[in-house]
Amino acid sequence: IVHMAQEIKDKSEKDYQEVYNAIAVKLREEDEFDGYIGYGPVLTRLAWHSSGTWDKNNNTGGSFGGTYQFQKESNDPSNKGLHNGAEFLAPIHKQFPWLSHGDLYTLGGVVAIQELQGPVIPWRPGRVDLPEDMTPDNGRLPDAVYGADYVRNFFKRLDLNDQEVVALMGAHCLGRTHLQNTGFDGPWGAASNTFTNEFFLNLLNENWKLEKNEAKNMQWNSPKGYMMLPTDHALIEDDKYMAYVKLYATNNDKFFEDFAKAFKKLLEGGITFPQSTPTYRFETLDSQGL
Ligand code: HEM
Ligand SMILES: CC(=O)Cn1cnc2ccccc21
């Protein structure tokens, strides 16, 4: 299967910046969601989950077809809680009906990262909605209970290497786990809605203890009330991953640079873009004085 992005001839950078701004203003205004964490983290996870179904071996799944809009995919147990992000974006789809669902879900993640003071994520439009029968089966997204070998093998299907995996996992600086969504809980105290390299500093500096949580799942907890999933902690159990954890803990610019590249690659997996498709680097509200 080849997913060729369509050339959007009648929309300009200004049109897409207008969509970006509509999402960003709504994100700024609706700040009370999830105990004042806001919608940034769940929008980031929605962009990742709508892309993370891709299988490079047969080019099925991925962000192109916007199939998260169909219940077969949105009801995947791996997607519990993401309906909050989809409901947040529904009015944006109404306001800009010309934007495909695939472009909507991925753009939502780009806005979230940039408005939470993360790096600029270059983004290309042209995903085309596919029919419901093209929705990938459930079970393509990762479990949190395994170790480094599982993580490395899982991301091979998404064509992502060790460095890209560690950079992407840095998004776990945002938001929190919710017992009723995934059976993991915490962090206790303020979860973050600012994109930083804290995830890597916490991994290296906290005193982690493996404990069984209220849902009978094992997770790593620290005296300060932080938590890590087994797949998070795996990054300091494996020498190759550990090298990148240390790099990103000590070099925030390098983390931002590598995260932006890896997140773009994740959001574009399986898509062939025409040479003529522009790459947009959107302004944040702050940089526009809005
Ligand atoms: C081994 C790979 C991964 C596993 C097993 C994993 C697992 C999880 C789990 C269990 C949660 C808690 C969800 C909830 O309870 O509501 C979560 C949240 C989150 N994940 Fe991941 N994740 C992985 C990779 C990623 C990647 C690659 C990104 C983005 C680049 C990402 C972004 C997020 C964000 C932003 C949240 C917070 C969501 C919220 O606060 O509602 N994760 N992840
Ligand atoms: C602060 C911190 O690293 C908390 N944290 C650690 N792993 C996480 C996975 C999903 C959401 C939040 C997570």
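As the structure lists them, so they are numbered: ligands from 1, and atoms in each ligand from 1.
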Flag if over 12 foreign heavy atoms under 6.0 Å of [atom1], [X]:
X: Lys246; atom1: NZ; result: no
X: Gln288; atom1: CD; result: yes
X: Gln71; atom1: CD; result: no

Using a 4.0 Å heavy-atom threshold (strictly under), name the region of Thr231 that reaches ligand 1: side chain, backbone, both or neither. side chain
Measure His172 to ligand 1 on non-hydrogen atoms and call it side chain, backbone, both or neither using the 4.0 Å cut-off. side chain
Can you list the steps and then say if Val25 with Leu290 is a side chain to side chain contact (heavy atoms under 4.5 Å, CB included)? CA-CA 9 Å; Val25 164; Leu290 295 174; over 6 Å; no
Starting from [atom], what is the nearest protein heavy atom, named by residue and atom, and what distance separates them?
atom: atom 37 (C) of ligand 1; answer: Leu174 O, 3.5 Å
atom: atom 1 (C) of ligand 1; answer: Met169 CE, 3.7 Å
atom: atom 35 (C) of ligand 1; answer: Pro41 O, 3.3 Å
atom: atom 29 (C) of ligand 1; answer: Ala171 CB, 3.5 Å
atom: atom 19 (C) of ligand 1; answer: Arg45 CD, 3.5 Å
atom: atom 13 (C) of ligand 2; answer: His172 O, 3.4 Å
atom: atom 6 (C) of ligand 2; answer: Met227 O, 3.0 Å
atom: atom 2 (C) of ligand 1; answer: Pro142 CG, 3.6 Å
atom: atom 1 (C) of ligand 2; answer: Asn202 ND2, 3.8 Å

Any atoms of ligand 1 less than 4.0 Å from a non-hydrogen atom of [X]? List them with their elements.
X: Asn181; value: 14 (C), 15 (O), 16 (O)
X: Thr177; value: 12 (C), 14 (C), 15 (O)
X: Gly175; value: 40 (O)
X: Thr182; value: 10 (C), 12 (C), 13 (C), 14 (C), 15 (O)
X: Ala144; value: 5 (C)

To the closest 0.5 Å, what do you measure between OH (Tyr16) and CZ (Arg124)? 13.0 Å
From Asn58 atom CG to Arg157 atom CZ, the distance as rounded to the nearest 0.5 Å: 9.0 Å
Run the ring-centre check on Phe195 versus Phe259 and record whether the distance is less than 6.0 Å. yes
Say whether [X], considering both its backbone and side-chain N or O atoms, lies within less than 3.5 Å of an N or O atom on ligand 1.
X: His178; value: yes
X: Asp34; value: no
X: Arg176; value: yes

Any ion pair linking [Y] and [X] (charged N to carboxylate O, less than 4.0 Å)?
X: Arg140; Y: Asp76; answer: no
X: Lys14; Y: Glu18; answer: no
X: Glu206; Y: Lys224; answer: yes

Say whether [X] and [Y], considering side chains only, have a donor N or O and an acceptor N or O under 3.5 Å apart.
X: Asn221; Y: Gln219; answer: yes
X: Glu115; Y: Tyr20; answer: yes
X: Glu73; Y: Thr135; answer: no
X: Asp286; Y: Thr284; answer: no

4.0 Å heavy-atom contact, Tyr226 with ligand 2: no
Hey, is Gly175 one of the residues with a heavy atom under 4.0 angstrom from ligand 2? yes
Name the residue from Gln17, Lys11, Glu13 that meets the side chain to side chain contact (heavy atoms under 4.5 Å, CB included) definition with Asp15. Lys11
Please state whether Gly81 comes within less than 4.0 angstrom of ligand 1, counting heavy atoms only. no
Check if Asp143 has a non-hydrogen atom at a distance under 4.0 Å from any atom of ligand 1. yes
Show the numbers, then the answer: is there a salt bridge (charged side-chain N to carboxylate O under 4.0 Å, His left out) between Arg176 and Asp34? CA-CA 9 Å; Arg176 56 169 303 166; Asp34 200 14; 5.3 Å; no
Going by heavy-atom distance to [atom], choose the closest among [options].
atom: atom 8 (C) of ligand 1; options: Asn79, Leu116, Leu267, Leu229; value: Leu229
atom: atom 25 (C) of ligand 1; options: Phe33, Phe263, Trp48; value: Trp48
atom: atom 8 (C) of ligand 2; options: Thr231, Asp232, Leu201, Thr182; value: Asp232

For Phe199, the atoms of ligand 2 under 4.0 Å from one of its heavy atoms are 3 (O)
Atoms of ligand 2 less than 4.0 Å from Met228 heavy atoms? 3 (O), 6 (C)
